[in-house]
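Okay, structure first, notes after.
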Amino acid sequence: MARTDRHSRSRGRSAGELGKPLVTQLSAWYLEGTAPLEHFDQLNGKTVIAIGGYTYAGLIQWLNGSDSIRVTEAPNHRAAIDMLRRGRGDYVLDYHEPVKVLLSTMPDHNVRESKIRERDAAWLFSLAAPRAAILRDAFDDAYLRLVERDEVPPVRIVGPGYAIPGFPAAYR
């Protein structure tokens, strides 16, 4: 997230300590009784349910190219969890937040989670757009107003992220 010196000073941070407001977590969801995913190689010989249309930052291409991992698609998050519960796959590859929201509506679920990858997210503004800097500053200001009202997560310091051991390096 781009921040002006005014915003950095108002938060007691230098302009060099720029943060990002969002983190995306990709997870492997599985049923109780299935081994938690602790190394990416554990997917070998397994069926992974993915959401149709999601690329998972290019990872789906790698999975589809693997001879040892079978990928099947679900049309949405609920269908993916339903497929998992019906034994149509060993793991669901999906993002943390939508599945947690979905599972909160299923109090008797036996679905567990292993974190696969965590990355900082950012919004990008094309410098080809004549008002990109103005739009970026207005966007940042609006986000900070939402933070002050506790409507969105606070700005985070950028970190190295996380990837489960064995995760393909090209897709970290």
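Small disclaimer: the values here were computed from a predicted structure and weren't measured.
- Partners of Ala133 under the side-chain contact (heavy atoms from CB on, under 4.5 Å) rule, at least two apart in sequence or in another chain, are Arg136.
- Shortest non-hydrogen contact noted between Ala80 and Ile51 is CB-CD1, 3.6 Å.
- For the pair Leu37 and Ile164, the tightest heavy-atom approach, listed with the atom from each and the gap, is O-CD1, 3.3 Å.
- The distance from atom CG of Leu93 to atom CG of Leu43, rounded to the nearest 0.5 Å, is 8.0 Å.
- Of all non-hydrogen atoms in Pro36 and Tyr30, the two that sit nearest each other are CB-OH, 3.3 Å.
- Under the salt bridge (Lys or Arg N to Asp or Glu O under 4.0 Å) criterion, Arg112 pairs with Glu32, not counting sequence neighbours.
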Practice problem: Apply side-chain contact (heavy atoms from CB on, under 4.5 Å) to the pair Ile116 and His96, showing each step before the final yes or no. | Solution: CA-CA 10 Å; Ile116 298 292; His96 172 82; over 6 Å; no
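- With sequence neighbours excluded, no residue forms a side-chain contact (heavy atoms from CB on, under 4.5 Å) with Pro130.
- Every residue two or more places apart in sequence or in another chain was checked for a side-chain hydrogen bond (donor to acceptor under 3.5 Å, both in side chains) with Gln42, and none qualifies.
- By the salt bridge (Lys or Arg N to Asp or Glu O under 4.0 Å) test, Glu118 is found to be paired with Lys115, residues two or more places apart in sequence or in another chain being considered.
- A search for side-chain contact (heavy atoms from CB on, under 4.5 Å) contacts involving Ala129 returns Ala132, not counting sequence neighbours.
- Hydrophobic clustering, defined by side-chain heavy atoms of Ile, Leu, Val, Met, Phe, Trp and Tyr closer than 4.5 Å, groups Ile49 together with Trp29, Leu31, Ile81, Met83, Leu84, Val92, Val99, Leu102, Leu103, Met106, Val111.
- Shown here are the salt bridge (Lys or Arg N to Asp or Glu O under 4.0 Å) partners of Arg131, two or more places apart in sequence or in another chain: there are none.
- For Ser68, the side-chain contact (heavy atoms from CB on, under 4.5 Å) partners at least two apart in sequence or on another chain are Asn44, Ser66.
- Residues that satisfy the salt bridge (Lys or Arg N to Asp or Glu O under 4.0 Å) test with Lys100, not counting sequence neighbours, are absent from this structure.
- The salt bridge (Lys or Arg N to Asp or Glu O under 4.0 Å) pairs that include a residue from residues 59-71 number zero, where partners must be two or more places apart or lie in different chains.
- Asp90 places a side-chain N or O within donor-acceptor distance of the main-chain N or O of Thr47, the cut-off being under 3.5 Å.
- Shown here for Ala28 and Tyr91, the closest heavy-atom pair between the two residues is CB-CD2, 4.1 Å.
- Legend: side chain to side chain donor-acceptor pair (under 3.5 Å) pairs involving residues 49-62, not counting sequence neighbours, sorted by first then second residue: Tyr54-His77.
- Residues Tyr95 and Pro98 share a closest heavy-atom pair of O-CD, 3.4 Å.
- Partner Gln25 forms a side chain to side chain contact (heavy atoms under 4.5 Å, CB included) with one of Glu97, Glu113, Arg117 and no other, that one being Glu113.
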